[in-house]
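Notes for the one structure printed next.
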Amino acid sequence: MGAKFWKRLSHERELWERGIAHVAGVDEAGCGPLAGPVFAAAVVFPCAWLKPGLCPALRGLNDSKQLDEEEREKFFAVLTSHPEIRYAVASVDVEMIDRINIRQAAWRAMNQALTQLAPQPQHVLVDGLRIRWLAYPQTALVQGDCKSYSIAAASVLAKVSRDRVMREFDRLYPGYGFAEHKGYATPQHYAAIKERGPCPIHRRTFSPFRPVAVELELFPPVKA
């Protein structure tokens, strides 16, 4: 592996060298869309990769947003079939998102994914800022999905899993274009909402569905 690619495994390797064998990368997908669930995934690479590095089949693995759909599907297949990789995927539905807010829902999905892992992780690499209530020792990495292969792997599993569910929703609720935009706020999506109104998987606490009174309460005017 070149130095650039070794660096993306450096956080895992540092922990492995300290005797922390079960290191999980965790990431979410779907915080921004107007519709659909939020997903999270957790991935644990084997500590036996300390010296040889990432397995050849995962060369090119990156943040899911930097990969096209074909690449994401390819890496998804490798990650979910490799006998030495442990992973888990979890989701939180629209009703819960509207009840507890999207940030809390994403954290809940992350925690659910982590608790599915066996054995439980000894340390977690988190994309973004530190999650205070996470029940595991953690290292927060800003843009972690570009700095850690474990987080990048989790981002791919979460993204592909969510995209597949949104394609199913496209068949249940035709006319909104969920298969194309996956619930994100595109002009096509806004036009469909204007024409058809919201469907059961739209997040009612998100603009443009949120009542004006709630909007004003959440975003009060700034005093001069």
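The model shown is predicted, which means the values in this text are computed figures rather than measured ones. What you see below is based on every heavy atom in this structure, not just the backbone, and it leaves out hydrogens, waters and symmetry mates. Note that the numbering runs from 1 along the sequence shown for the chain.
- Residues passing the salt bridge (Lys or Arg N to Asp or Glu O under 4.0 Å) test with D145 are K65, sequence neighbours excluded.
- Considering only residues two or more places apart in sequence or on other chains, H22 meets the side-chain hydrogen bond (donor to acceptor under 3.5 Å, both in side chains) condition with R86.
- Not a single side-chain hydrogen bond (donor to acceptor under 3.5 Å, both in side chains) links E71 to another residue, sequence neighbours left out.
- V126 and L9 fall into different hydrophobic clusters, defined by Ile, Leu, Val, Met, Phe, Trp and Tyr side-chain heavy atoms under 4.5 Å apart, directly or through other members.
- Residues Q112 and V92 are in side-chain contact: their nearest non-hydrogen atoms beyond the backbone lie under 4.5 Å apart.
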CA sep, side-chain torsions, deciding dist, call: V165, F178, side-chain contact (heavy atoms from CB on, under 4.5 Å): CA-CA 10 Å; V165 166; F178 291 135; over 6 Å; no
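- No side-chain heavy atom of Y176 sits under 4.5 Å from any side-chain heavy atom of I201.
- In Q143, the CD atom is not crowded: 12 or fewer heavy atoms of neighbouring residues, nucleotides or ligands sit closer than 6.0 Å.
- Residues satisfying the side-chain hydrogen bond (donor to acceptor under 3.5 Å, both in side chains) test with S150, not counting sequence neighbours, are E12.
- Atom CZ of R103 is surrounded by 12 or fewer heavy atoms from other residues, nucleotides or ligands within 6.0 Å.
- Rounding to the nearest 0.5 Å gives a distance of 5.0 Å between CG of L15 and NE2 of H123.
- Taken together through direct or relayed side-chain contacts under 4.5 Å among Ile, Leu, Val, Met, Phe, Trp and Tyr, L117 and I85 form parts of separate hydrophobic clusters.
- Side chains of L134 and L114 form a contact here, defined as non-hydrogen atoms less than 4.5 Å apart.
- Using a 4.5 Å cut-off between side-chain heavy atoms of Ile, Leu, Val, Met, Phe, Trp and Tyr, with links allowed through other members, V142 and I151 fall into different hydrophobic clusters.
- Residue E17 places its CD atom among more than 12 non-hydrogen atoms of other residues, nucleotides or ligands, all under 6.0 Å distant.
- Interatomic distance, R204 CZ to R99 CZ, rounded to the nearest 0.5 Å: 14.5 Å.
- Residues R8 and N62 have side chains in contact (heavy-atom distance under 4.5 Å, counting atoms from C-beta outward).
- In terms of the salt bridge (Lys or Arg N to Asp or Glu O under 4.0 Å) criterion, residue partners of R164 (sequence neighbours excluded) are, by chain and number, E73.
- Connection of L157 to W107 is not established within any shared hydrophobic cluster, with ILVMFWY side chains joined at heavy-atom distances below 4.5 Å, either directly or through further cluster members.
- Among residues at least two apart or in separate chains, ring-ring contact (aromatic ring centres under 6.0 Å, His included) pairs with a member in residues 79-106 are W49-H82.
- Atom SG of residue C47 and atom CD of residue Q122 lie 9.0 Å apart, to the nearest 0.5 angstrom.
- With rounding to the nearest 0.5 angstrom, the NZ atom of K74 is 9.0 Å from the CG atom of L61.
- Counting only heavy atoms from C-beta outward, the side chains of V38 and I97 approach each other to under 4.5 Å.
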Enumerate, atom names and distances included, each donor-acceptor pair closer than 3.5 Å involving a side-chain atom of residues 188-195, sequence neighbours excluded.
unit_1 : atom_1 : unit_2 : atom_2 : d
H189   : ND1    : G183   : O      : 3.4
H189   : ND1    : Y184   : O      : 2.8
H189   : NE2    : H202   : NE2    : 2.9

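- Linking ILVMFWY side-chain heavy atoms closer than 4.5 Å, directly or via other members, places V44 and M110 in a single hydrophobic cluster.
- At a threshold of 4.5 Å between non-hydrogen side-chain atoms, the residues P198 and R203 do not count as touching.
- Of the possible polar contacts, none joining the S148 side chain to the G144 backbone as a donor-acceptor pair under 3.5 Å is found.
- Between L50 atom CG and F45 atom CZ the span is 14.0 Å, to the nearest 0.5 Å.
- Scanning all heavy atoms of the two residues, the minimum distance from A140 to G128 falls at CB-O, 3.3 Å.
- Contacts of L172 classified as side chain to side chain contact (heavy atoms under 4.5 Å, CB included), with partners at least two apart in sequence or in another chain: F169.
- Taking OG of S155 as the start and OH of Y149 as the end, the distance is 12.5 Å to the nearest 0.5 Å.
- In plain terms, the two heavy atoms of P37 and M166 that are nearest each other are CD-SD, 4.2 Å.
- Take K182 and apply the salt bridge (Lys or Arg N to Asp or Glu O under 4.0 Å) test, not counting sequence neighbours, and it matches no residue.
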Side chains of residues 25-35: which donor-acceptor partners sit under 3.5 Å, not counting sequence neighbours?
none

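- In this structure, R108 has no salt bridge (Lys or Arg N to Asp or Glu O under 4.0 Å) partners at least two apart in sequence or on a different chain.
- The side-chain hydrogen bond (donor to acceptor under 3.5 Å, both in side chains) search around R171 returns E168, not counting sequence neighbours.
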side-chain contact (heavy atoms from CB on, under 4.5 Å) between L125 and V23, intermediate numbers included: CA-CA 7 Å; L125 301 176; V23 180; 4.0 Å; yes
